[in-house]
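As the structure is a computational prediction, the values presented were derived from the model and not from experiment. A, B, ... follow the sequence lines: proteins, then strands. Residue 1 opens every chain.
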Amino acid sequence: MKLDRQFYAAPTLRVARSLLGQVLVRRSPQGDRAGIIVETEAYTQNDPACHASRGKTRRNAAMFGPAGTAYVYFIYGMHYCFNVVTAREGIGEAVLIRALEPITGIPLMEEARGLTDGKLLCSGPARLCQALDITAALDGVSLTGETLFILAGSQPQSIVTASRIGISAGQDLQYRFYLSGNKFVSKK
DNA sequence: CCGAGGATCATCT
DNA sequence: GATGATCCTCGGT
């Protein structure tokens with residue numbers, strides 16, 4: 001069953017945790033690709049690492065849309081990262097999806113990534129975007145649609161809380177969450 | 001295993 | 001003009 005707007009329209013830290021164990025699905029003419037969400041990071045209001053912390057710009061516009069909107073941005077001249085917009089519309093909060101455990105459409109992922117090592121298919125925010133063909137074309141789309149959405153999965157097991165990866169500001173905040181012991185998490 | 005460095009460009013100052 | 005919510009490769013240990 002597909003997660004609805006209500007699921008996303010909750011406090012961002014709570015959504016970041018509750019997304020663990022759910023199944024991200026990318027539907028394309030080639031077929032479906034899907035994976036279990038095993039690692040997330042929250043980005044909130046008044047959080048210096050949040051792209052929306054300095055107001056609305058061309059890049060982050062999708063963050064200010066309704067909960068359940070996809071925010072996809074381009075970084076380092078070659079990578080995309082995918083976020084789910086959360087909480088109240090207009091405040092600019094989101095959850096970065098950092099890693100998936102691949103379950104469906106693995107051959108398509110391997111082709112998109114140019115490798116067959118399952119461990120490296122979706123273990124990292126840019127890796128999963130490449131594997132699922134998530135690009136700027138999906139920035140702003142609604143997760144209530146048919147091209148990118150999230151299905152209710154199994155109940156999360158033990159969840160680990162940690163500092164976020166790759167940021168300079170806000171290192172002190174414990175806004176990263178991942179499934180304990182899952183081998184597809186991007187980093188320990 | 002680990003760290004350093006480069007790739008590469010849209011966005012913002 | 002500098003930077004970045006990353007990844008890959010290469011060289012050393």
Test side chain to side chain contact (heavy atoms under 4.5 Å, CB included) applied to A/Ile103 - qualifying residues, sequence neighbours left out: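 Listed in chain order: A/Val23, A/Ala34, A/Ile36.
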Sequence neighbours left out, what passes side chain to side chain contact (heavy atoms under 4.5 Å, CB included) with A/Ala162? Give chain and number order.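 Per chain and number, A/Ala162 pairs via side chain to side chain contact (heavy atoms under 4.5 Å, CB included) with A/Arg176, A/Tyr178.
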Which protein N or O atoms sit under 3.5 Å from an N or O of nucleotides 10-13 of chain B?
{"from": "B/dC12", "atom 1": "OP1", "to": "A/Thr57", "atom 2": "OG1", "distance (Å)": "2.1"}
{"from": "B/dC12", "atom 1": "OP1", "to": "A/Arg59", "atom 2": "N", "distance (Å)": "3.4"}

Pairs where residues 79-116 of chain A contributes a residue and the test ring-ring contact (aromatic ring centres under 6.0 Å, His included) is met, not counting sequence neighbours: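 Listed once each, the pairs are A/Phe74-A/Tyr80.
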Between the side chains of A/Glu111 and A/Arg33, is the shortest nitrogen-to-carboxylate-oxygen separation below 4.0 Å, so that they form an ion pair?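 Result for this pair is no, no salt bridge flagged.
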May I ask you to decide whether A/Arg26 forms a salt bridge with A/Asp32, counting only side-chain N to carboxylate O separations under 4.0 Å?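 Not counted as a salt bridge, because no side-chain N and carboxylate O are separated by less than 4.0 Å.
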Are side-chain heavy atoms of [X] and [Y] found at a separation under 4.5 Å?
{"X": "A/Phe149", "Y": "A/Leu24", "value": "no"}
{"X": "A/Asn83", "Y": "A/Val95", "value": "no"}
{"X": "A/Ile37", "Y": "A/Ile150", "value": "yes"}
{"X": "A/Leu151", "Y": "A/Val25", "value": "yes"}
{"X": "A/Ile134", "Y": "A/Leu148", "value": "yes"}

Closest non-hydrogen atom pair, A/Ile167 against A/Arg164: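 Minimum heavy-atom separation between A/Ile167 and A/Arg164: CD1-NE, 3.5 Å.
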Would A/Ser142 and A/Arg5 satisfy side-chain contact (heavy atoms from CB on, under 4.5 Å), going step by step from the backbone distance to the final call? CA-CA 9 Å; A/Ser142 173; A/Arg5 218 177 267 299; 3.5 Å; yes
For DNA chain B, what residues of [range] have any heavy atom nearer than 4.0 Å?
{"range": "residues 9-20 of chain A", "result": "none"}
{"range": "residues 161-180 of chain A", "result": "none"}
{"range": "residues 61-70 of chain A", "result": "none"}

Any chance you could pull the hydrophobic cluster mates of A/Tyr71, using side-chain heavy atoms under 4.5 angstrom and chaining through other members?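 Once heavy-atom contacts under 4.5 Å are chained together, A/Tyr71 belongs with A/Met63, A/Phe64, A/Tyr73, A/Ile75, A/Tyr76, A/Val85.
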Range-with-range stems for DNA chain B, at least three Watson-Crick or G-U pairs under 3.5 Å: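 As far as DNA chain B goes, consecutive pairing (with distances under 3.5 Å) yields the stems B:1-7 with C:6-12, B:9-12 with C:1-4.
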Given 3.5 Å as the limit, does a donor-acceptor pair link the side chain of [X] with the main chain of [Y], or not?
{"X": "A/Thr44", "Y": "A/Asp47", "value": "no"}
{"X": "A/Arg113", "Y": "A/Met109", "value": "no"}
{"X": "A/Thr69", "Y": "A/Gly65", "value": "no"}
{"X": "A/Thr86", "Y": "A/Ala67", "value": "no"}

Check whether the side chains of A/Ser53 and A/Gln45 place a donor and an acceptor atom closer than 3.5 Å, and report yes or no.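 Per modelled atom types, A/Ser53 and A/Gln45 side chains form no pair under 3.5 Å.
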Please tell me whether A/Tyr43 and A/Glu41 have a donor and an acceptor in their side chains that are separated by less than 3.5 angstrom.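 Yes, A/Glu41 and A/Tyr43 have a side-chain donor paired with an acceptor closer than 3.5 Å.
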For the pair made of CD1 in A/Ile75 and P in C/dC7, what is the distance, rounded to whole Å?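 For the pair A/Ile75 CD1 and C/dC7 P, the rounded distance is 11 Å.
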Length of the line joining A/Lys187:NZ and C/dA5:C1', which is rounded to integer Å: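 Interatomic distance, NZ of A/Lys187 to C1' of C/dA5: 11 Å.
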Scan for side-chain hydrogen bond (donor to acceptor under 3.5 Å, both in side chains) pairs involving residues 88-98 of chain A, sequence neighbours excluded, and state none if there are none.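 Output for this query lists A/Thr12-A/Glu93, A/Glu39-A/Arg98, A/Arg98-A/Ser186.
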What does the B/S/- profile of nucleotides 1-7 of chain B look like, 5' to 3', with a 4.0 Å heavy-atom cutoff to protein? ------B
Among residues 118-137 of chain A, which residues get a heavy atom nearer than 4.0 Å to DNA chain C?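 Close to the strand are A/Gly124, A/Pro125, A/Ala126, A/Arg127.
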